[in-house]
Chemist: 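Structure in structure tokens, see below.
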Amino acid sequence: MASLEQLLHDRLAPAFEDVAGAPADPTLRRSQHADFQADGALALARRLGRNPRDIAAEVVSHARLDDLCRSVQISGPGFINLTFSDEALAPLVAEMASHARLGVSRAEDPHTVVIDYSAPNVAKEMHVGHLRSTVIGDAAVRVLDWLGHRVVKANHLGDWGTPFGMLIEHLLDMGESEGAHELSQGDLNGFYKAARIKFDADDSFKERARNRVVALQGGDPQTLRLWRLLVDESEKYFLAVYGRLGVRLTEDDFFGESFYNDMLHSVVEELGRIGLLTESDGAKVVFPRGFTNRDGDPLPVIVQKRDGGFGYGATDLAAIRYRTQELKADRLLYVVGLPQKQHFEMVYEVAREAGWLVAPARAQHVGFGSILGTDGKMLRSRSGDSIRLVELLDEAVSRAAVSVEVKNPELDGATRANVAQMVGIGAIKYADLSNDRLKDYVFDWKRMLNFDGNTAPYLQYARARILSIFRRGSISAPAGAPVILVTEPAERALAIELLAFPSLIEDIAESLEFHRLAGYLYTLASTFTKFYEHCPVLRSEGDVQKSRLTMSDLTARVLAQGLELLGIAAPERM
RNA sequence: GCGCUCGUAGCUCAGCGGAUAGAGCAGUGGACUUCUAAUCCACCGGUCGCAGGUUCGAAUCCUGCCGGGCGCGCCA
């Protein structure tokens, strides 16, 4: 569905071209002074050596706008202020309302997108660091999937490497069934720490752990069985956390580091054959173009260590090759913290030089900042440890339960618990997604659970409140061809906001700036409450009522869909 | 030292080349015989870290400085 901006662009671009003698961008944007403004005349003025206001006037005289706009004015130094006519807006809203996908079409040319996210470590607790990757990655999955792309969820589990020697020996010390029980119950911190303490304190344990690593890498069946046990129990635990979080990751999405083990030799071999490999202090490395260290020397990606073991660079390269060549992916997303940005940029460059990442296929680092406490420092528990993710979820739900009970005591116990779940989990996710993902953000219970402001509870409530209009009126959204009348200022504002949804979603699919979707939903919800405040719905009649009911229903659908794309559930009533 | 990143109202954040910089929270003052006031309306509040530069125009781009965070060859 064409956006308002697109409609104006289609009319103005040829007019600008007429005046400029060459293609010129109308540079359209939303405006405080009108619905939209076109600033292209200012940029043209210099090129043409003419007065920008004259250019704007000439552009306007060349463009057919009378069927779209009720007002076209030149203002200030040469802005073209454009105000849609009510008659132009109404049918567009009607079209959107009658469309099951809210005006958002499926991609004509679907991509295969591999999204690498979450990536917890086996036998280690999930903590706040995994929250962002999991929540952002899940939103990416939802948006791209909804747009009709083929999405492959890749949970790059940390399931291989030297710590497994110590973990397996600790498992044996505990007894297999005891150990498995502890892991599946989710006391991963305890398990890992106990192993770590023994490793640091006990030389004979350390020796056993080292031998165990050798056995693991050598493929010893008994060792592999124990390793598998650790992995399986951890996966069960992670799946339970994912279930609570309401993300789409499943048991089929685990593609841990070990998945790529068999490919590592051939990665090294192929890099050697192409001539990218260099010996450095006995290690095999690749120096990607454009990366230097503090002395200006080239910076390597280590693929094979001195001792013959593989570096994580090798695994990352194997994953790229697998994803582009076997999965035929043309877009690779890495939802990984910003500190690892340079590492991945280097790996992508190696992959490009090796011919494993060639256009149109591309890799995109979807980086994110840290979660800070209200003191402005990295969020940690009082003892200085990282906070267990499940504890955070528990606290969110119990805090939400208190609010819900206070706000709406009429709800029965089961509904209340259900609402608390959605509100609490939604609040945590929304707090994350509503901030620019590249920046650090402050984790503040009070703010995220506030029912006012840019929060999940506010949006959930706004939507529940709309549903209650229909419940209260014992009425459903008008069926058949929608009747839309746009007359009141609050109606116009709502119409324009609603119509912005489709193109926004397409932008988000590219930029993965989910905070813009969050900001949009917040603006939509507040625009709706103003509409609701100023335009009676149930107390109106005839076509006006039909129109308002349809716009209310459409708003509720957009809110629900938008929240769904962010991975946030919305209760029917709250 | 080099690299990346951030510095916008008391607090938390948008805005990232265009007209007097926007929200929310907090503060102050209004509006409930209600379509859920979990709301709405209004006021208060900012030399956009500092200094240069590019531009008709800079919070936005470039350079330098100051301050915070994070990386920098075998952990991923």
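Worth saying up front: this structure is predicted, and the values here are computed from it rather than measured. What's counted below: heavy atoms across the whole structure, side chains too, no hydrogens, waters or symmetry copies.
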Chemist: Any N or O donor-acceptor pair under 3.5 Å from the base of B:rA19 to the side chain of A:Q37?
Modeler: yes

Chemist: Between A:Q340 and B:rG71, is there a contact of a side-chain N or O with OP1 or OP2 at under 4.0 Å?
Modeler: no

Chemist: Could you label the plane-to-plane angle of the A:F254 and A:F238 rings as parallel, tilted or perpendicular, counting under 30° as parallel and over 60° as perpendicular?
Modeler: tilted

Chemist: Taking only residues two or more places apart in sequence or in another chain, which ones pass ring-ring contact (aromatic ring centres under 6.0 Å, His included) with A:F528?
Modeler: A:F531, A:Y532

Chemist: Between B:rA58 and B:rG68, how far apart are the C1' atoms? Round to whole Å, please.
Modeler: 24 Å

Chemist: For the pair made of CG in A:N435 and C1' in B:rA23, what is the distance, rounded to whole Å?
Modeler: 13 Å

Chemist: What's the gap between B:rA26 and B:rG67 when it is taken at their C1' atoms, as a whole Å value?
Modeler: 27 Å

Chemist: Where the side chain of A:R465 is concerned, which of B:rA14, B:rU36, B:rG18 is the nearest nucleotide?
Modeler: B:rU36

Chemist: Assign A:A119 to base, sugar-phosphate, or nothing according to its heavy-atom contacts below 4.0 angstrom with the strands shown.
Modeler: nothing

Chemist: Would you measure the distance from the C1' atom in B:rG15 across to the matching atom in B:rC32 and give it in whole Å?
Modeler: 36 Å

Chemist: For residues 305-322 of chain A, which residue pairs qualify under side-chain hydrogen bond (donor to acceptor under 3.5 Å, both in side chains), counting only residues two or more places apart or in two chains?
Modeler: A:S266-A:R321, A:E270-A:R321, A:D316-A:H343

Chemist: Taking only the side-chain nitrogens and oxygens of A:R472, find out if one of them lies under 4.0 Å from OP1 or OP2 of B:rU36.
Modeler: yes

Chemist: What is the nucleic acid contact for A:V537, judged by heavy atoms within less than 4.0 Å: base, sugar-phosphate only, or nothing?
Modeler: base

Chemist: From C-beta outward on A:K407, which listed nucleotide comes closest to its side chain: B:rA38, B:rG73, B:rC13?
Modeler: B:rA38

Chemist: Sticking with atom P, work out how far B:rG1 lies from B:rA14, rounded to a whole angstrom.
Modeler: 30 Å

Chemist: Which part of the nucleic acid does A:N81 contact within heavy-atom distance under 4.0 Å: base, sugar-phosphate only, or nothing?
Modeler: base

Chemist: Which value, in whole Å, describes the distance between the P atoms of nucleotides B:rC62 and B:rC6?
Modeler: 11 Å

Chemist: With heavy atoms under 4.0 Å as the rule, sort A:T523 into base, sugar-phosphate or nothing.
Modeler: nothing

Chemist: Categorize A:K446 for me: base, sugar-phosphate, or nothing, with a 4.0 angstrom heavy-atom threshold over every strand shown.
Modeler: nothing

Chemist: Give one of base, sugar-phosphate or nothing for A:S468, where a contact means two heavy atoms less than 4.0 Å apart.
Modeler: base

Chemist: Is any side-chain nitrogen or oxygen of A:H515 closer than 4.0 Å to OP1 or OP2 of B:rG15?
Modeler: yes

Chemist: Which label fits A:H127 and A:H130: parallel for a plane angle under 30°, tilted from 30 to 60°, or perpendicular past 60°?
Modeler: tilted

Chemist: Which value, in whole Å, describes the distance between the C1' atoms of nucleotides B:rG71 and B:rA76?
Modeler: 14 Å

Chemist: Students often get this wrong, so: under 4.0 angstrom with heavy atoms, is A:R306 touching a base, only sugar-phosphate, or nothing?
Modeler: base

Chemist: Take atom CZ of A:R447 and atom P of B:rA14, then tell me their distance rounded to the nearest Å.
Modeler: 12 Å

Chemist: Taking only the P atom of each, what is the distance from B:rU12 to B:rC66 in whole angstrom?
Modeler: 25 Å

Chemist: So if I take every side-chain heavy atom of A:D39 and compare against B:rG18, B:rG71, B:rC40, which nucleotide ends up nearest?
Modeler: B:rG18

Chemist: Would you classify A:A464 as touching base, sugar-phosphate or nothing, given that sugar-phosphate means primed atoms plus P, OP1 and OP2, and contacts are heavy atoms under 4.0 Å?
Modeler: base

Chemist: Hey, does A:M378 reach any base, or is it just sugar-phosphate, or nothing, if we go heavy atoms under 4.0 Å?
Modeler: nothing

Chemist: Atom NZ of A:K439 to atom C1' of B:rU12: distance rounded to whole Å?
Modeler: 12 Å

Chemist: Could you give the distance separating B:rG24 and B:rC61 at their P atoms, to the nearest angstrom?
Modeler: 26 Å

Chemist: If we only count heavy atoms from C-beta on, is the A:V286 to A:E349 side-chain gap below 4.5 Å?
Modeler: no

Chemist: Tell me whether the side-chain N/O atoms of A:Y260 come closer than 4.0 Å to OP1 or OP2 in B:rA76.
Modeler: no

Chemist: Verify, without hydrogens or angle tests, whether A:S468 (side chain) and A:R471 (backbone) share a donor-acceptor contact under 3.5 angstrom.
Modeler: no

Chemist: Contact class for A:P300 vs. all strands (heavy atom < 4.0 Å): base, sugar-phosphate, or nothing?
Modeler: base

Chemist: What I'd like to find out is whether the side chain of A:D159 reaches to under 4.5 Å of the side chain of A:W227, using heavy atoms alone.
Modeler: yes

Chemist: Check whether any side-chain nitrogen or oxygen of A:S75 sits under 4.0 Å from OP1 or OP2 of B:rA19, and answer yes or no.
Modeler: no

Chemist: Considering every strand and a 4.0 Å limit on heavy-atom distances, what is the contact class for A:N408: base, sugar-phosphate, or nothing?
Modeler: base

Chemist: I'd like to know if A:R437 pairs up with A:E513 as an ion pair, taking the criterion as any Lys NZ or Arg NE/NH1/NH2 lying under 4.0 Å from an Asp or Glu carboxylate oxygen.
Modeler: no

Chemist: Return one dot-bracket line describing RNA chain B 5' to 3' (Watson-Crick or G-U wobble pairs, both distances under 3.5 Å; ( ) same strand, [ ] crossing, | another strand, . none).
Modeler: (((((((..((((....[...)))).(((((.......))))).....(((((..]....))))))))))))....

Chemist: Would you indicate what A:L42 reaches in the nucleic acid, counting non-hydrogen atoms under 4.0 angstrom: base, sugar-phosphate, or nothing?
Modeler: base

Chemist: Between A:R437 and A:A34, which has a closest nucleotide on RNA chain B that is more 5'?
Modeler: A:R437

